[in-house]
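Working notes for the structure below.
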Amino acid sequence: MAKKSSIEKANKTPKFSTRQRNRCKSCGRPRGFMREFMLCRLCFRKYALEGLLPGVKKTSW
């Protein structure tokens with residue numbers, strides 16, 4: 001879980017566009033971010049296993 005101060009800082013418009021950091025919309029985690037779903041890998045896995053992400057299916061081989 002990200003610190004509240006980090007999440008608030010990320011929500012502000014940065015002075016330069018290269019300072020923008022992608023964060024998970026669910027927990028605020030900055031690493032392991034998946035742009036297509038706007039979630040980190042941990043939240044993506046949790047929601048996918050619960051069946052909350054349409055079009056995502058667990059596979060095994």
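Rounded to the nearest 0.5 Å, atoms CG (Leu39) and CZ (Arg23) are 14.0 Å apart. In this structure, Lys9 NZ and Arg19 CZ are separated by 8.5 Å, a value rounded to the nearest 0.5 Å. Within the model, atoms CZ of Phe44 and CE of Met38 stand 14.5 Å from one another, a figure rounded to the nearest 0.5 Å. Taken to the nearest 0.5 Å, the SG atom of Cys40 stands 8.5 Å off from the NZ atom of Lys46.
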Phe37 and Val56: CA distance, side-chain angles, deciding distance, side-chain contact (heavy atoms from CB on, under 4.5 Å) verdict: CA-CA 11 Å; Phe37 297 96; Val56 176; 3.8 Å; yes
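Hydrophobic cluster membership differs between Leu52 and Leu49, with clusters built from Ile, Leu, Val, Met, Phe, Trp and Tyr side chains linked at under 4.5 angstrom.
When all heavy atoms are compared, the tightest approach of Ser26 to Tyr47 is OG-OH, 2.9 Å. Across all their heavy atoms, Met34 and Arg41 have their closest contact at SD-CA, 4.3 Å.
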